[in-house]
Amino acid sequence: MPARLSDAFKSHPLNLQLKHPDFSSLQELPDSYAWSQNDDQYPSSPGSFGAEQESVPVIDLSDPNALKLTGHACRTWGVFQVTNHGIPSKLLDDIESAGRSLFSLPVQQKLKAARSPDGISGYGFARISSFFQKLMWSEGFTIVGSPLDHFRQLWPQDYDKFCNIIEEYEKEMKRLAGRLMWLMLGSLGISKEDVKWAGPKGDFRDAYAALQLNSYPACPDPDRAMGLAAHTDSTLLTILYQNNTSGLQVLREGTGWVTVPPLPGALVVNVGDLIHILSNGLYPSVLHQAVVNRSRHRLSIAYLYGPPDSVQISPLSKLLGPSQPPLYRPITWNEYLGTKAKHFNKALSSVRLCAPLNALVDVSDHNSVKVG
Ligand SMILES: C=C1C[C@]23C[C@@]1(O)CC[C@H]2[C@@]12CCC[C@@](C)(C(=O)O1)[C@H]2[C@@H]3C(=O)O
Ligand SMILES: O=C(O)CCC(=O)C(=O)O
Ligand SMILES: [Fe+2]
């Protein structure tokens, strides 16, 4: 097994055609980008059952009840927004304008920093594109480790400025992610002694992360296009900043797709597959997608947070008992990413140990979601 995150895809090379269009020059949606109902297996439009749509919880991190509210949001939604999170708004503006600057470069320039088939960092289509016949109306840039080499290619004069923004953003996000981890774990009754890999100070010092910049250009035929197809994140948790344009939707059982509205200054937190495993399915990872719109360019920045390379993630022993057997086998982040690269949305069930005795359908298996 590869030891480092940047090597996670060495044994799963991906030959996505790198013929990126200049989206802004397209007046019509090319057939290769036109999705039909059959191109993914999930409901196609936002759910509208019931008069009022429920909304994704918003948690004020300075609220004394934040722990309880986090637990409730993780159990019932797998996603929530946070306010009073301590990330300076100037830094959010800076990362947004760095993303804007990157994606507005000419295609040929961006391709100088293209992600290699077996690599993790660089410019390209989302990795999950290989599972679909149609292309997604988006471009992405993934950063794992130092972006210096790629940024030198993109901005021969200005790379330093952009490297500093990324470094600062990652530092702040790491701190917030550690805090969110303890809200999630604490709400399950887990303490610092139960998670040795959180390090001597319990600050998840050795945690790893990837930063994903996503760009969704305005689209001439948004109802037939797909920005980013439905998936769960292969992370412990993901912290997502979206600009002031909506597009993120989460699948809510019994309701359908629910839009996560951009709230000024708020950040979205997704429960990822590795928290799903750690919590033995108590906190299910959230299935989400990004849709596009006709007139506005949307940007999002995802901080994909995971454990140190060497750590095997498995259901926490405190959550197990005679009637709560471990549902998932131990797995490292690298190995899980490889499993996702092979099985996509069946990755979680592929690491499952046994079917629950009392249920015919496993609600944690996202492939069992019925098409509406
Ligand atoms: C650590 C990672 C998670 C991710 C694959 C990656 O190596 C870096 C990009 C991440 C991302 C972002 C867009 C959606 C997604 C499914 C994809 O194709 O690339 C996720 C991957 C994931 O969470 O599995
Ligand atoms: O753009 C979005 O809102 C979603 C991005 C996302 O899901 C991801 O980067 O994993
Ligand atoms: Fe995601």
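Just so you know, ligand 1 is whichever comes first in the structure, and atom 1 is the first atom listed for that ligand.
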Quiz prompt | Hydrophobic cluster identity match, Val144 and Leu304, side-chain contacts under 4.5 Å | solution = no
Quiz prompt | Residue selection (non-hydrogen contact nearest atom 3 (O) of ligand 2) among Gln242, Gln289, Arg298 | solution = Arg298
Exercise. Measure Leu228 to ligand 2 on non-hydrogen atoms and call it side chain, backbone, both or neither using the 4.0 Å cut-off.
Key: side chain
Quiz item: Nearest heavy atom to atom 16 (C) of ligand 1: which of Ile128, Thr238, Asn214 does it belong to?
Solution: Ile128
Quiz item: To the nearest 10 degrees, how large is the angle at the Fe ion (ligand 3) between Asp233 OD1 and His288 NE2?
Solution: 90°
Quiz item: To which protein heavy atom is atom 2 (C) of ligand 1 closest, and what is the distance rounded to 0.1 Å?
Solution: Leu337 CD2, 3.9 Å
Quiz item: Is there a protein heavy atom at a distance of less than 4.0 Å from atom 20 (C) of ligand 1?
Solution: no
Self-check item: Side-chain donor-acceptor pair present, Thr245, His297, cut-off under 3.5 Å
Solution: no
Quiz prompt | Proximal ligand 2 atoms for Ser300, defined as those under 4.0 Å from one of its heavy atoms | solution = 1 (O), 2 (C), 5 (C)
Practice problem: For the residue pair Lys340 and Thr232, confirm or rule out a side-chain donor-acceptor distance under 3.5 Å. | Solution: yes
Quiz item: Closest non-hydrogen protein atom to atom 24 (O) of ligand 1, residue and atom name please, with distance?
Solution: Ser234 OG, 2.5 Å
Quiz item: For atom 14 (C) of ligand 1, which protein heavy atom lies nearest, and how many Å away is it?
Solution: His231 NE2, 3.6 Å
Practice problem: If you have a sec, work out which protein heavy atom is nearest atom 17 (C) of ligand 1 and how many Å separate them, to one decimal? | Solution: Arg127 N, 4.1 Å
Quiz item: So is Thr235 in contact with ligand 1, going by heavy-atom distances below 4.0 Å?
Solution: no
Quiz item: ligand 1 and Trp333, any nitrogen or oxygen pair closer than 3.5 angstrom?
Solution: no
Exercise. For the residue pair Trp155 and Leu102, establish whether any side-chain heavy-atom pair is separated by less than 4.5 Å.
Key: yes
Exercise. Would you check if there is a donor-acceptor pair between the side chains of Tyr328 and His276 at a distance under 3.5 Å?
Key: yes
Quiz prompt | Shortest protein heavy-atom distance from atom 5 (C) of ligand 2, along with the residue and atom involved | solution = Asn214 ND2, 3.4 Å
Practice problem: Search all heavy atoms of Ala229 against all heavy atoms of Ile128 and return the closest pair with its distance. | Solution: O-CD1, 3.8 Å
Quiz prompt | Side-chain donor-acceptor pair present, Gln312, Ser314, cut-off under 3.5 Å | solution = no
Exercise. Indicate whether atom 11 (C) of ligand 1 is within a distance of less than 4.0 angstrom of some protein heavy atom.
Key: no
Exercise. In plain terms, say whether Arg329 and Glu335 are close enough for a salt bridge, that is, a side-chain N and a carboxylate O under 4.0 Å apart.
Key: yes
Quiz prompt | Atoms of ligand 1 close to Ile120 [distance to a heavy atom under 4.0 angstrom, numbered from 1] | solution = 7 (O)
Quiz prompt | Hydrophobic cluster membership, Leu91 vs Tyr241, 4.5 Å side-chain cutoff | solution = yes
Exercise. Just let me know how Asn270 lines up against ligand 2, side chain, backbone, both or neither, with a heavy-atom cut-off below 4.0 Å.
Key: neither
Practice problem: Could you tell me which atoms of ligand 2, counted from 1 in the order shown, lie closer than 4.0 angstrom to a heavy atom of Ala302? | Solution: 9 (O)
Quiz item: Is there a side-chain contact between Ile301 and Gln212, using heavy atoms and a 4.5 Å cut-off?
Solution: no
Self-check item: Glu172 to Gly86 - nearest heavy-atom pair and separation
Solution: OE1-O, 4.0 Å
Exercise. Find all atoms of ligand 1 within a distance of less than 4.0 Å from any non-hydrogen atom belonging to Leu304, and give their numbers and elements.
Key: 10 (C)
Exercise. Flag atom 4 (C) of ligand 1 as yes if some protein heavy-atom distance to it falls below 4.0 Å, otherwise no.
Key: no
Quiz item: Numbering the atoms of ligand 2 from 1, which are under 4.0 Å from a heavy atom of Leu240?
Solution: 3 (O), 5 (C)
Self-check item: Heavy-atom check, side chain of Phe151 versus side chain of Asp160, under 4.5 Å
Solution: no
Practice problem: For atom 8 (C) of ligand 1, find the nearest protein heavy atom and state the residue, atom name and distance (0.1 Å precision). | Solution: Thr142 CG2, 3.6 Å
Exercise. Have a look at ligand 2 and work out which part of Asp233, if any, has a heavy atom under 4.0 Å from it: side chain, backbone, both or neither.
Key: side chain
Quiz item: Of all the non-hydrogen atoms in the protein, which one sits nearest to atom 9 (C) of ligand 1, and at what distance?
Solution: Gln212 OE1, 3.6 Å
Quiz item: If you count the atoms of ligand 2 from 1 in the order shown, which ones are under 4.0 Å from a heavy atom of His288?
Solution: 7 (O)
Exercise. Would you verify whether the NZ or CZ of Arg252 falls within 45 degrees of the ring axis of Trp77 while also being under 6.0 Å from that six-membered ring's centre?
Key: yes
Exercise. Spell out, as yes or no, whether a donor-acceptor pair under 3.5 Å connects the side chain of His85 to the backbone of Thr83.
Key: no
Exercise. Pull out every atom of ligand 2 sitting under 4.0 Å from any heavy atom of Tyr216, numbered as shown with elements.
Key: 1 (O), 2 (C), 4 (C), 5 (C)
Quiz item: Hey, which of Asp194, Leu316, Thr70 is the one that makes side-chain contact (heavy atoms from CB on, under 4.5 Å) with Leu185?
Solution: Leu316
